[in-house]
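Please read the structure below before turning to the comments.
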Amino acid sequence: MGIPVQFSGANMLLRAPEGAENVSDMHTFTNGICSVSCWELSAEELAEINRTGRIFLSVFSGRTQPPVYVGDEKSCRSIVVDFGGVWRRA
């Protein structure tokens, strides 16, 4: 499972619920409309993605899924800028 990592420009920390299993604190950038997090994958996860060309996204929200975007930093910034400010790059 990928892990959330801090990144340059993150301006909010979302805390994991106390006692929750498999949930970590997550640094995010928010402009009030969009929320962005950064994830790091293990070598094994990267190998599987390279083998299959697939990434799965699970959102814990019951019967709905909010609009989401998965991409590299450059492409994610190009989407977020349409909805407000973006984070400064290191």
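Only this structure's heavy atoms are used, side chains among them; waters, hydrogens and symmetry mates stay out. Note that the numbering runs from 1 along the sequence shown for the chain.
With E40 contributing its side chain and P4 its backbone, the two residues share no donor-acceptor pair below 3.5 Å. The backbone N or O of E45 sits nowhere less than 3.5 Å from a side-chain atom of E48 that would complete a donor-acceptor pair. Using modelled atom types, no side-chain atom of D25 and backbone atom of L13 make a donor-acceptor pair closer than 3.5 Å. A distance-only check finds a donor-acceptor pair linking the side chain of T52 to the backbone of R54 [under 3.5 Å].
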(message) The test is side chain to side chain contact (heavy atoms under 4.5 Å, CB included); show your working for F60 and Q65 and say whether it passes.
(response) CA-CA 8 Å; F60 295 88; Q65 184 162 309; over 6 Å; no
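In terms of hydrophobic clustering, with Ile, Leu, Val, Met, Phe, Trp and Tyr side chains grouped at heavy-atom distances under 4.5 Å, F29 and M12 are assigned to different clusters. The same ILVMFWY cluster, assembled from side-chain heavy atoms under 4.5 Å apart, contains both I55 and L46.
Using a 4.5 Å heavy-atom cutoff, the side chains of N31 and V80 are in contact. Inter-residue side-chain proximity for I3 and S24 is flagged as unmet; no heavy-atom pair is nearer than 4.5 Å. Contact annotation: the side chain of T28 never approaches that of V36 to less than 4.5 Å [non-hydrogen atoms, C-beta and beyond].
Residues W87 and S8 share a closest heavy-atom pair of CD1-O, 3.3 Å. Between F7 and H27, the shortest heavy-atom distance links the atoms CE2-O, 3.8 Å. Between G2 and L41, the shortest heavy-atom contact is CA-CD2, 3.6 Å.
A distance of 7.0 Å separates SG in C76 from OH in Y69, rounded to the nearest 0.5 Å. Distance check, rounded to the nearest 0.5 Å: CD of Q6 to SG of C38 gives 10.0 Å.
With respect to the salt-bridge test (charged N to carboxylate O, under 4.0 angstrom), the residues R89 and E73 qualify.
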